[in-house]
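Okay, so here's the structure we're looking at.
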Amino acid sequence: QVQLVESGGGLVQAGGSLRLSCLASGGTFSSCAMGWFRQAPGKEREFVAVISRTGYGTYYADSVKGRFAVSRDNAKNMVYLQMNSLKPEDTAVYYCAADPGGRLNPSIYNYDYWGQGTQVTVSS
């Protein structure tokens, strides 16, 4: 009942920055925790970041802590992922996902709704 569409991916040089956006429609956006995941070629989908339903709590994977920042604007039904100091290892398809439970959980199984993803490529 929640539809998600990511945007903002692209090609960036190592050390650069990129901001991803996720637009939500349908359902009750403000009741969901919103997560970001990524999947690189040959690898399983992995957790990146999550923000609580109110926006007051966040949690990050160790691999991106200090470099990435997740935020949300419930009035606009938008979630963002600011990515700084990008590395070639960050290259992946990035997905936003909604968790009606509203908890800061890194498990993919807690998320009921997923976007189609946006490609991020970091060159060395």
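Model, not experiment: these values are computed from the prediction.
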Nearest 0.5 Å, please: how far is [atom2] in [Y] from [atom1] in [X]?
X	Y	atom1	atom2	answer
Cys32	Asp99	SG	CG	7.0 Å
Thr58	Lys65	OG1	NZ	9.5 Å
Gln3	Gln116	CD	CD	11.5 Å

Cluster link Phe29 to Val50, ILVMFWY, side chain under 4.5 Å: no
Check whether Val122 and Leu18 end up in the same hydrophobic cluster, where Ile, Leu, Val, Met, Phe, Trp and Tyr are linked by side-chain heavy atoms less than 4.5 Å apart. yes
Run the side chain to side chain contact (heavy atoms under 4.5 Å, CB included) check on Tyr80 and Leu20 step by step: do they pass? CA-CA 6 Å; Tyr80 307 95; Leu20 305 183; over 6 Å; no
Test your reading of the model: is there a side-chain donor-acceptor pair from [X] to the backbone of [Y], 3.5 Å cut-off?
X	Y	result
Glu6	Cys96	yes
Thr118	Gly9	yes
Thr91	Thr121	no
Tyr111	Asn105	yes
Arg67	Ser63	yes
Thr28	Ser30	no

Could Lys87 and Asp90 be called an ion pair, given the rule that one side-chain N must be under 4.0 Å from one carboxylate O? no
Ignoring hydrogens, what is the shortest heavy-atom contact between [X] and [Y]? Give both atom names and the distance.
X	Y	value
Pro100	Tyr113	CG-CE1, 3.9 Å
Met83	Val120	CE-CG2, 3.9 Å
Ala14	Ser124	CB-CA, 4.3 Å
Leu81	Ala49	CD1-CB, 4.3 Å
Leu104	Ser52	CD2-N, 3.5 Å
Gly117	Val93	CA-CG1, 3.8 Å

Do Trp114 and Arg45 touch side chain to side chain, with heavy atoms closer than 4.5 Å? yes
Any Tyr95 side-chain heavy atom under 4.5 Å of Val48 side chain: no
Could you go through the side chain to side chain contact (heavy atoms under 4.5 Å, CB included) check for Leu4 and Leu23 one step at a time? CA-CA 6 Å; Leu4 306 171; Leu23 174 63; over 6 Å; no
List the steps and the verdict of ring pair (Phe, Tyr, Trp, His ring centres under 6.0 Å) for Phe47 and Tyr59. CA-CA 10 Å; Phe47 168 78; Tyr59 179 67; 5.6 Å; yes
Result for side-chain contact (heavy atoms from CB on, under 4.5 Å) between Met34 and one of Val2, Asn74, Val79 points to Val79
Applying side chain to side chain contact (heavy atoms under 4.5 Å, CB included), run through Gln82 and Ser71 and close with a yes or a no. CA-CA 8 Å; Gln82 178 66 47; Ser71 60; over 6 Å; no
Could you go through Trp36 and Phe68, starting from their C-alpha distance and side-chain angles, then the distance that decides it, and tell me whether this counts as ring pair (Phe, Tyr, Trp, His ring centres under 6.0 Å)? CA-CA 11 Å; Trp36 285 97; Phe68 291 10; 9.9 Å; no
Report the residue from Gln39, Gln119, Arg38 that forms a side chain to side chain donor-acceptor pair (under 3.5 Å) with Tyr94. Arg38
